[in-house]
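Notes follow the structure.
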2 protein chains.
Amino acid sequence: MCKQHGAGQAPVPPNRCAECRFAGMCLLRGLEPVEVALFDGIVRRHRIGRDMYLYRIGQPFTSLYAIHFGHFKTAQVDRRGAQQVTGFAMSGELLGLDAIAGGRHACDAVALEDSEVCEIPFARLQELFGKIPHLLQQFHCMMSQEIQREQALMLVLGNMRAEQRFACFLLNLSERYAQRGYSPVSFQLRMSRDDIGGYLGLTIESVSRLVAKFRNNGWIRLDNRKLEIVDRASLEALAGGMRSAPGAGLQPPPPSRTIPLRVAA
Amino acid sequence: MCKQHGAGQAPVPPNRCAECRFAGMCLLRGLEPVEVALFDGIVRRHRIGRDMYLYRIGQPFTSLYAIHFGHFKTAQVDRRGAQQVTGFAMSGELLGLDAIAGGRHACDAVALEDSEVCEIPFARLQELFGKIPHLLQQFHCMMSQEIQREQALMLVLGNMRAEQRFACFLLNLSERYAQRGYSPVSFQLRMSRDDIGGYLGLTIESVSRLVAKFRNNGWIRLDNRKLEIVDRASLEALAGGMRSAPGAGLQPPPPSRTIPLRVAA
DNA sequence: CGGATTCTTGAAGTCGCTCAACGAACGTGG
DNA sequence: CCACGTTCGTTGAGCGACTTCAAGAATCCG
């Protein structure tokens with residue numbers, strides 16, 4: 001399963017943020033070249049092998065990590081050992097934001113494949129905030145995005161049925177790959193069924209059955225984690241609340257139980 | 001249900017943050033008196049009546065709001081109209097952090113009782129960040145806390161059974177009242193069963209049955225939203241993963257399905 | 001190739017949902 | 001103050017979605 005953590009790998013010189021393909025999604029967004037150079041000075045790049053921990057729950061917090069390439073999952077474990085996957089992170093995304101408050105990491109971060117991260121020592125980042133106001137803004141923006149992302153997942157976990165959850169999951173991945181210039185209809189799933197289940201609040205068996213159903217209905221093709229979205233419209237309808245009917249068609253959802261808002265005159 | 005939004009109420013002079021009972025939980029934590037005075041200058045206090053919106057999804061973001069007293073719920077609604085309550089906020093807590101990224105509010109915030117908030121114009125807060133480094137740190141801390149809080153809820157929604165969710169909910173409230181100097185064993189539930197259900201990902205009927213069960217088992221007393229925690233130990237055991245047995249006793253949980261971590265030699 | 005891991009499929013069970021009816025609390029107006 | 005309508009909460013019966021348990025197939029990797 002997961003190997004012992006591997007933070008502190010040998011750095012991988014040279015790192016030139018100016019040349020980074022994902023700088024536009026990272027903290028550097030909108031920065032001047034001079035400012036990028038300043039930022040460059042505090043960053044160190046590391047390789048993290050597959051199944052290695054970038055950090056673990058309880059470890060002291062010193063740095064944030066921007067993903068240069070590769071994929072990570074972040075997960076919490078409860079007392080019983082069951083894990084809740086709180087997110088799948090890909091290039092350009094920032095890990096460790098939840099640790100600022102307590103001074104210790106509040107979740108595990110595990111590489112889903114061989115990956116590279118840019119370590120950003122938080123103390124030095126704070127120094128830069130004073131010199132680069134725009135960097136601070138971008139930082140706040142990314143923290144806020146993280147909050148939004150989690151709220152969206154709460155909606156999935158709290159209100160959706162399994163099919164809907166899975167459709168949302170696939171569409172979310174698709175969208176993020178599109179943002180990064182990859183194909184939105186064909187990509188590799190980097191995570192196991194178990195991870196998907198842990199993310200969506202389902203068992204591994206349920207995920208497997210969903211895969212079978214989506215495949216049989218001709219909505220996706222999937223073999224060996226290689227995914228192809230065949231019928232995006234149906235997935236979107238599903239994600240939006242439509243229910244799938246036995247004949248592979250879609251039906252409108254039952255009425256919501258919450259009363260519509262009354263609007264003052 | 002919920003009335004039309006009521007932001008822009010008459011301000012309630014005078015607001016003296018220095019005298020605020022909850023300054024220690026708010027952005028002011030650890031600030032010097034001079035700095036508090038600066039902060040005071042940008043804040044305006046507002047009354048928000050019960051069931052009024054502090055802000056609504058899609059409204060342009062201009063200010064954060066610190067709760068001076070009272071209670072709010074924050075909620076998202078999906079396309080079907082079903083609502084996911086993303087949090088219950090009480091005095092000293094900060095609302096609106098999710099809106100920084102998009103420039104628009106990403107959820108609704110509704111007062112659960114007559115309340116007062118301190119409006120903090122974000123642009124002016126940003127100006128203060130340059131002058132009061134400690135304020136910036138505290139701000140980051142609060143954003144990070146928000147992320148942690150949401151991750152904890154994701155664990156509840158994704159991994160726990162109804163009883164466990166409800167126990168966690170009650171204990172969480174209890175803890176937060178304790179932090180504020182109120183009784184941790186006896187307090188008023190400010191939210192409806194519907195809100196609790198929306199928060200925990202359960203139906204109103206399930207919440208009602210949980211209340212009955214918890215009461216019958218002698219774990220809580222509850223009438224008319226007045227709650228008393230009678231058997232905290234049982235609630236904690238439940239929240240920790242114990243299952244309640246028919247005879248009102250508690251039983252150890254079934255083994256987790258996730259394989260224990262392998263530790264390198 | 002062989003063992004471990006990951007994934008799939010089936011059958012049975014259970015938890016929480018749906019539907020329905022009723023009771024209690026609240027507040028509004030007569 | 002009481003009658004009334006409305007909202008809120010409770011309770012029961014039946015059902016359905018997802019889980020649990022179990023076994024087997026496919027894949028990975030040394």
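Order of the sequence lines sets the chain letters (A, B, ...), proteins ahead of strands, with each chain counted from 1.
- For C/dG10, the base has a donor-acceptor partner in the side chain of A/R209 [N/O atoms by modelled type, under 3.5 angstrom].
- Residue B/R215 has a polar side-chain atom (N or O) positioned under 4.0 Å from OP1 or OP2 of D/dT10.
- Residue A/R225 places none of its side-chain N or O atoms closer than 4.0 Å to OP1 or OP2 of D/dT27.
- Within the 4.5 Å cutoff, no side-chain heavy atoms of A/F88 are placed close to those of A/R190.
- Residue A/N224 places none of its side-chain N or O atoms closer than 4.0 Å to OP1 or OP2 of C/dT6.
- Residue side chain B/E205 reaches the base of C/dC19 through a donor-acceptor N/O pair under 3.5 Å, judged by distance alone.
- Contact annotation for A/G197: no contact, since no heavy-atom pair falls under 4.0 Å across all strands.
- Each of C/dC7, D/dT11, D/dT19 was ranked by its minimum atom distance to the side chain of A/S192; first place goes to C/dC7.
- Contact annotation: B/S208 reaches the phosphate of D/dT10 (side-chain N/O to OP1 or OP2, under 4.0 Å).
- Rounding to the nearest 0.5 Å gives a distance of 5.5 Å between CD of B/Q84 and CE of A/M154.
- The CG atom of B/L222 sits 16 Å away from the P atom of C/dA24 (whole-angstrom rounding).
- No side-chain donor-acceptor contact under 3.5 Å links B/S91 to the backbone of B/F69.
- In this structure, CG of B/L202 is placed 14 Å from P of C/dC15, rounded to the nearest angstrom.
- Of the candidates D/dC18, C/dT8, D/dT11, the closest approach to any side-chain atom of A/R193 belongs to C/dT8.
- Here the OG-CG distance, from A/S244 to A/L210, works out to 9.5 Å after rounding to the nearest 0.5 Å.
- Between C/dC17 and B/T203, a contact under 4.0 Å exists linking OP1 or OP2 to a side-chain N or O.
- Nucleotide D/dT7 holds its C1' atom 18 Å from the CE atom of B/M191, rounded to whole Å.
- As a whole-Å value, the separation of B/K213 NZ from D/dT11 C1' is 15 Å.
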